[in-house]
Amino acid sequence: MSKGFKIAYKLGIIAVSILAVIFISSVILVVLDAPILKTFYTICIMPLTRSLHITEILIRAIPLAITAIGVSVAYRSGIINIGAEGQMAMGILAFTATALALPDVPRPVLLPFALLMAALSGGIWGFIPGILKAKLNVSELLSTVMLNYIAAQFYTFCLRVVMMDPAEKMSGGGTPQSMRLTENVWLSRISGRLHYGIVIAVVLAVLIYILLWKTTVGYKMRASGSGARAARYGGINVPLFVVASMVISGAFAGLAGGIEIAGVHRRAIEGITNNYGFSAVVVALFGGLHPLGILPASFFFGLMIYGSTLCPRQVGVPANIVDVMQGVIILVIVTSQMVLSDKYFQDRLWRKYQSFKKRKEA
Amino acid sequence: MDDKIRSLRMEHITKRFPGVLASDDITIEVGEGEVLALVGENGAGKTTLMNILMGIYQQDEGRILINGEEVRFRGPEDAFNAGLGMVHQEYMLVPNMTVTENVALGYKKAWKKGILDLNMVRSRIMEISEKYGLAVNPDAYIWQLSVGEQQKVELVKTLSLGARFLILDEPTSALTPQETDELIVLLKKMTDELSIIFISHKLQEVKALSNKVTILRHGKVVFNGNTDDYSPSEIASKMTGHEVKLPENNDEASHGDVVLEIKDLCVRGDRGNYALDGLDLSVRSGEIVGLAGVSGNGQKELAEAINGLRKIEKGEIALFGCEIGNKKPRSVIEQGMGYIPEERNIEGIVPPFAIRENLILKDVDQKPFSNKSFLKKEKVNENAERLQIEFDIRSAGINTQSGSLSGGNIQKLILARELSRGAKFITAVYPTRGLDLGAVEFIHKELLKKRKEGVGILLISEELDEIINLSDRIAVIYKGRIQKVLEKKDATRARLGILMAGVKEDE
């Protein structure tokens, strides 16, 4: 097989995957009786046409990127963390609670401290499935999903009871949200609503890249994830690294939640997690589980999520269409990875290609 | 199409993979009732050639003739229909289904409009097992069967589906010596009915079973001849391209200090039974102690207990005077233990890791490979490049995924890691299982070199020749206890065989 053919094969598979996503989404749009081209335009291109739109995309990319980087650390260590949604909620609660409790502490102290608390509480929420997996071999798929439910209910409880904005209580409006947090925990903004969380996301991506590929800790995490028995026999304390990776993963999700509050909302509101925790799993896979792939991937998903919010107004399509497309993308990624690693299929195509060439020459 | 296959010929077969000429103008021929042994080192292109014959790959050039007529196989289905059947090295059986159900998977005749006629399959199995003397229980679940029995199921399956020509890819690589002998007798009987191509690098089997032998090296046929005309050592030298003399340990027995001392060791197996039941064993420095025994008598548990991978219930394991029973693998390694594990693909390496990464698996925290938790890329690479040359690990480079290497090269990688890091004691479990002669020779030489350097070695193996060749003393394990320890000069195959079967000599 020639090198050119191999590259063409890979590009071909990727092109086919993209076409498949477009095709399947189109079918759904047809069913919804929506204008196909205009919908795609609204989701994928329109948000790129104005700088205000672009800042909105980036705002969505920030929590996605940070959470997805955390997810990729766990994934590399052999754990599929689908509990980022709950870990993020716990991070938001810890951040809000810190801000509410210490409103008068000056910003240079309070902001980092509150973010640390957010990371810590997300980390604890990640520690639970980690230790259950390491000690009792409990499937992390079950435990993280269940912990998501607990976190979601606890979040609602806090916002409706303990942390509820006193003004809401007085007015009897009853919107489940905290009061506006002190300015001492605000992240400054760069342009529009875009805040300095983007710098944090890029720095974290670089740090995790260094952790995973340049340090002994990362080496041991990856070894535990991709060959647990060999790692154990090689003297690596596998359970320790399984737990550590889950703590890091949870801490990143919690931190993403804290940053989201500090930069965008500046108070805890219901529904802030916005399924970022679940989308982050897709982003992590889409980015090849590599921090430097996750950054562009989260921009792309930020684009889709933001674009979908434009849909109802522009083309009368429900914004949930992007959820459907995410599902389609997961299926297509998994399928195309299978095809890419299928040598027999590649060989068959190569044969077809050669006999085609021969026929043309003849 | 139910004719006999009187002759099968592959002519001028050429197959290219990226950067490799896997088959280079190969011609082979098998006549009626003949057995052709296809011999060659790992990576010589034997399996590729058979995959071409089975229609899994397509040749770039050349043709296949059956009974003088050219055939074209677009896929394995076509090859089945022509009467060819292959038993792969790794068995393709569904563990939680019965023998009958497994055979039914491919038995199209029994599928009628969504209804599966299992009775028909069962009677077909009985018919085949009677005809060829392959005793199988059609209602047994695959997971209940030993490897040898699974092998028989594979044969029954292939024959039930109508194979009139058998291709066997290293049929004995996972079998015990007893099962191997049994299989050879069976196959010999089958040649009344059909022809066989079998891939092997065990020369005793080649001699025992085949009429003709074809030797491949680097994708080329280097030799063709009648098996009876050549001795095993002649075939071996043609296979490797040089004279092969497996090294022997003829030195004086060691009088070094006892470095490993096991006393009254009791360990539970996976099913909760006592896999080791009061085992005593000692190894001196500069000594190889061979542990002979039929597999399943506690060898695996012993190796794991020594390496901190299995809990011990009772007894002591002292390595250099230090108790290592129930210690973490890390502390055992720090005591100077090196381990060549049984399952080299799972325990020996992290398969997705590059060669250079696997070579530092145990030493990632040590200088010079890391400094204050940061990996030193140049040092890691230097180490890998040096060991790759020194241990002849054949690959595209040190960044190659370890899991993609051949068995022999994976074993060399493990050996390189374990031997280069200055271990003072080595536990080697089935170190040459499934490897070709060249690799076996290499591994034996390295082990003997370490012995000379004063390293104590516990060699666990089923290959009696290997044990007799290398060991200073031979301990026979039976049902979790040491049956007897023989000095090298007293150990004969026959005597070991009797001990391995559990017969006490003084009885």
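Every chain is numbered from 1 and lettered A, B, ... according to where its sequence line falls, protein lines coming before strand lines. Hydrogens, waters and symmetry mates play no part in the numbers below; they use all other heavy atoms, side chains included.
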Note to self: Please identify, among B:Glu343, B:Lys377, B:Lys328, the residue contributing the most non-hydrogen atom pairs under 4.5 Å to chain A.
What the structure shows: B:Glu343

Notebook entry, point to check: Using a cut-off of under 4.5 Å for heavy-atom pairs, which of B:Asp365, B:Asp60, B:Asn307, B:Leu361 has the most such pairs with chain A?
Noted result: B:Leu361

Margin query: Going by salt bridge (charged side-chain N to carboxylate O under 4.0 Å, His left out), name the residues that satisfy it together with B:Glu77, two or more places apart in sequence or in a different chain.
Written below: B:Lys108

Next item on the list: Heavy-atom distances under 4.5 Å only: say whether B:Gln59 touches chain A with side chain, backbone, both or neither.
Entry: neither

Notebook entry, point to check: With a 4.5 angstrom heavy-atom cut-off, which part of B:Ile333 approaches chain A: side chain, backbone, both or neither?
Noted result: side chain

Next item on the list: Pull out the residues in residues 205-214 of chain A that come under 4.5 Å of chain B, heavy atom to heavy atom, sorted by number.
Entry: A:Ile210, A:Trp213, A:Lys214

Next item on the list: Over 60° means perpendicular and under 30° means parallel, so classify the ring planes of A:Phe286 and A:Phe300, tilted if in between.
Entry: parallel

Checklist line | Under 4.5 Å from any heavy atom of chain A - which part of B:Tyr339 | finding: both

Note to self: If we ignore hydrogens and angles and just use 3.5 Å, is the side chain of A:Ser72 paired with the main-chain N or O of A:Ile69 as donor and acceptor?
What the structure shows: yes

Note to self: Which residues pass the salt bridge (charged side-chain N to carboxylate O under 4.0 Å, His left out) test with B:Lys327, not counting sequence neighbours?
What the structure shows: none

Next item on the list: For this output row, return yes or no: ring centroids of B:Phe320 and B:Phe425 closer than 6.0 angstrom.
Entry: no

Item checked: Check: B:Met86 and B:Asn51 side chains under 4.5 Å, non-hydrogen atoms -> yes

Notebook entry, point to check: By salt bridge (charged side-chain N to carboxylate O under 4.0 Å, His left out), which residues pair with B:Glu334, not counting sequence neighbours?
Noted result: B:Arg330

Check: Would you say the side chain of A:Phe278 lies within less than 4.5 Å of the side chain of A:Val281, judging by non-hydrogen atoms?
Finding: no

